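Take a look at the structure set out below.
First the proteins, then the strands, lettered A, B, ... as listed; each starts at 1. In this text, all values refer to a predicted model and were calculated from it rather than measured experimentally.
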Amino acid sequence: DAGVIQSPRHEVTEMGQEVTLRCKPISGHNSLFWYRQTMMRGLELLIYFNNNVPIDDSGMPEDRFSAKMPNASFSTLKIQPSEPRDSAVYFCASSLGIWAYNEQFFGPGTRLTVL
Amino acid sequence: GDSVTQMEGPVTLSEEAFLTINCTYTATGYPSLFWYVQYPGEGLQLLLKATKADDKGSNKGFEATYRKETTSFHLEKGSVQVSDSAVYFCALSDRESGGGADGLTFGKGTHLIIQP
């Protein structure tokens with residue numbers, strides 16, 4: 001079975017540019033999570049969806065960040081405009097549900113560098 | 001709010017040594033507890049989990065017991081191998097009674113280095 005797929009794996013861009021990160025969850029999973037990992041702050045939840053509907057976006061740092069899930073097999077995280085402090089590894093995870101006992105399966109991550 | 005505290009690394013051990021990585025948590029509801037492992041350049045993988053008090057999660061020789069009285073979920077392994085070198089994250093997923101969960105709240109991670 002294919003796991004969670006993220007693209008691109010690496011992204012280097014210049015400050016001010018728009019960046020779009022993509023995620024394909026595991027087929028049949030109805031919950032999707034976006035996390036950010038930095039040395040300073042560790043792993044932080046940004047937003048999560050259940051049945052394609054955003055449930056909690058309180059972790060999204062600023063209005064420059066937006067996420068969508070137009071269908072059950074695709075989600076995007078967009079940063080516009082990007083800033084150097086957005087440099088991090090962004091992980092997407094999916095699960096069968098949002099309940100506490102549901103295991104989350106993580107993708108390999110997108111390493112974003114904003115110059 | 002919810003939080004997870006785990007011992008800072010790096011932790012360096014010799015092969016076949018006994019491993020303990022401490023983890024304590026603060027939660028308002030009825031959390032499930034997890035240990036995830038991250039190998040270099042990869043995403044996180046679930047190592048083990050426990051969903052209620054006194055449950056013991058185990059996998060690949062690793063164990064952790066959900067201790068509600070001490071709000072702890074310490075990770076242990078009796079004999080570590082070089083291949084266990086990775087970053088280990090303790091995490092919780094909380095839910096209010098009868099409700100759903102938020103995403104995972106992670107500790108900062110513990111970098112484990114096993115020397116041959």
Locate the shortest heavy-atom distance separating B:L44 from A:F106; write the atom from each residue and the value.
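Residues B:L44 and A:F106, closest heavy atoms: O-CB, 3.4 Å.
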CG (A:D63) with more than 12 external heavy atoms under 6.0 Å:
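No - once you tally the heavy atoms of other residues, nucleotides and ligands closer than 6.0 Å, there are 12 at most.
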Within 6.0 angstrom of A:E14 CD, more than 12 heavy atoms from elsewhere:
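No, the 6.0 Å shell around CD holds no more than 12 heavy atoms from other groups.
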What part of [X] is in contact with chain B, defined as an atom under 4.5 angstrom from a non-hydrogen atom: side chain, backbone, both or neither?
X      : result
A:Q37  : side chain
A:F105 : neither
A:R41  : backbone

For B:S83, what residues pass the side chain to side chain donor-acceptor pair (under 3.5 Å) criterion, not counting sequence neighbours?
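For B:S83 there are no side chain to side chain donor-acceptor pair (under 3.5 Å) partners, ignoring immediate neighbours.
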Within this structure, what is the CE-NZ distance for the pair A:M40 and B:K108, rounded to the nearest 0.5 Å?
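Separation between the atoms: 7.5 Å.
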For B:Q38, is it the side chain, the backbone, both or neither that has a heavy atom under 4.5 Å from a heavy atom of chain A?
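Only the side chain of B:Q38 comes within 4.5 Å of chain A.
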Linking I/L/V/M/F/W/Y whenever any side-chain heavy atoms sit under 4.5 Å apart, do [X] and [Y] land together?
X     : Y     : value
A:Y90 : A:I47 : yes
A:M60 : A:Y48 : no
A:V89 : B:V87 : yes

Taking side chain as C-beta onward, heavy atoms only, is B:L104 less than 4.5 Å from A:F33?
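Counting from C-beta outward, B:L104 and A:F33 never come under 4.5 Å.
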